Amino acid sequence: MMPLNPPGGTRRSLLLIHADDAVQANRLAALGSHYGHSTRILDRHGLFSDEAADGLLISCRSMTADLQLALQHHGALARVLFCSRLSAPEQERLLAQGVWMVPHRCGEQERIESWLALARRLQMLLSEGIRREQQLAQKLEERRLVEQVKGLLMRNHNLDEESAYRLLRKTAMDQGKSLAVLSRQLLQLLAR
């Protein structure tokens, strides 16, 4: 089989490879080369290097503490784990970390490029989820601030909820500020 052209045509991406047996490590390296990647086989100590790479492929019989730490250490990489002996909680934890799992040892005709693409997609989805969660948390915090100021306006100026909100919104617009920024500033002034 002819190797596929690397993405972009010129750059060869680097795949870091670790396996608990030399045959598996060489098999993964050969498959990576077949798909146009440069490969580097890592021993246990090399798993924690900070070498710039595009992916990490691990093939193992069972999950060890070293491998768990290495997968966390390389959190920015597309990570594919070939392992058939993982408990359901281990699988859930690894998926939550963005590790793509293949439930068997690496075989001769393994489609690692597909696994890497899925690992990249999983990582992207998790990052997007984290970003959205942070945005929602920020919006909730901003909403809490606005509600606090509205309550203070209602109590201190004898306003109903709608009037307090209109006053806050008009003041924010007049000053060219968002409701959240104005609310934060008002709470800081009142806290003095």
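Predicted model, so just to flag it, every value in this text is computed and none were measured.
In the displayed structure, Lys139 atom NZ is contacted under 6.0 Å by at most 12 heavy atoms of other residues, nucleotides or ligands. Atom CZ of Arg121 has 12 or fewer heavy atoms from other residues, nucleotides or ligands within 6.0 Å. Applying the 6.0 Å contact sphere to CE of Met173 captures no more than 12 heavy atoms from other residues, nucleotides or ligands.
With hydrogens and angles disregarded, no donor-acceptor distance shorter than 3.5 Å links the side chain of Asp54 to the backbone of Leu15. Formation of a donor-acceptor pair under 3.5 Å by the Gln91 side chain with backbone atoms of Leu86 is found in this model. Between the side chain of Gln123 and the main chain of Ala76, a donor-acceptor pair closer than 3.5 Å is present.
Across Leu67 and His18, no two heavy atoms sit closer than the pair CD2-CD2, 3.5 Å. Nearest heavy atoms, Ser59 versus Gln24: OG-NE2, 3.0 Å. Minimum heavy-atom separation, Cys60 to Leu81: SG-CD1, 3.8 Å. Among all heavy-atom pairs drawn from His74 and Arg79, the shortest one is O-CD, 3.1 Å. Residues Phe48 and Asp66 share a closest heavy-atom pair of CZ-O, 3.4 Å. Leu153 approaches Ala164 most closely through the heavy-atom pair CD1-O, 3.8 Å.
Under the 4.5 Å side-chain criterion, counting only non-hydrogen atoms from C-beta, Leu47 is not in contact with His73. Within the 4.5 Å cutoff, the side chain of Ile112 has heavy atoms near those of the Phe82 side chain. In this structure, the side chains of Thr64 and Gln68 stay at 4.5 Å or more apart for every pair of heavy atoms. For the pair Leu94 and Met63, the minimum side-chain heavy-atom distance is below 4.5 Å. Contact check for Glu147 versus Glu161: side-chain heavy atoms found under the 4.5 Å cut-off. The closest side-chain heavy-atom distance from His34 to Glu113 is not below 4.5 Å. Between Leu56 and Val80, the closest side-chain pair of non-hydrogen atoms is not below 4.5 Å.
Contacts of Glu141 classified as salt bridge (Lys or Arg N to Asp or Glu O under 4.0 Å), with partners at least two apart in sequence or in another chain: Arg144.
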Worked check of side-chain contact (heavy atoms from CB on, under 4.5 Å) between Asn26 and Ile41: CA-CA 8 Å; Asn26 288 327; Ile41 297 175; 3.4 Å; yes

Candidate pair Glu133 and Leu136, rule side-chain contact (heavy atoms from CB on, under 4.5 Å), full reasoning: CA-CA 5 Å; Glu133 184 179 334; Leu136 286 173; 5.8 Å; no

Derivation and outcome, side-chain contact (heavy atoms from CB on, under 4.5 Å), residues Ile58 and Leu71: CA-CA 9 Å; Ile58 294 178; Leu71 287 167; 3.8 Å; yes

Chi angles and distances behind the side-chain contact (heavy atoms from CB on, under 4.5 Å) call for Arg184, Val149: CA-CA 8 Å; Arg184 186 173 286 113; Val149 169; over 6 Å; no

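Taking NE2 from His37 and CG from Leu57, the interatomic distance works out to 8.0 Å, rounded to the nearest 0.5 Å. Of the inter-residue distances, the one linking Ser114 atom OG with Tyr35 atom OH reads 6.0 Å to the nearest 0.5 angstrom. Expressed to the nearest 0.5 Å, how far CG of Leu126 lies from CG of Leu95 amounts to 8.5 Å. To the nearest 0.5 Å, atom NE2 of residue His104 and atom OG of residue Ser84 are 9.5 Å apart. Rounded to the nearest 0.5 angstrom, Ile17 CD1 and Leu42 CG are separated by 8.0 Å. Rounding to the nearest 0.5 Å places CG of Leu28 at 12.0 Å from CG of Leu16.
Linking ILVMFWY side-chain heavy atoms closer than 4.5 Å, directly or via other members, places Leu186 and Leu152 in a single hydrophobic cluster. When hydrophobic clusters are built by joining Ile, Leu, Val, Met, Phe, Trp and Tyr residues whose side-chain heavy atoms come closer than 4.5 Å, directly or via intermediates, Val181 is not grouped with Tyr165. Leu167 is connected to Leu179 through a chain of hydrophobic side-chain contacts under 4.5 Å among Ile, Leu, Val, Met, Phe, Trp and Tyr, so both are in one cluster. Hydrophobic clustering (ILVMFWY, side-chain heavy atoms < 4.5 Å, transitive): Leu187 and Val146 are in one cluster.
In this structure, a donor-acceptor pair under 3.5 Å is present between the side chains of Glu142 and Gln138. Side-chain atoms of Asp160 and Ser163 include a donor-acceptor pair closer than 3.5 Å.
The pair Arg131-Glu128 meets the salt-bridge criterion, with a side-chain N (NZ, NE, NH1 or NH2) lying under 4.0 Å from an Asp/Glu carboxylate O.
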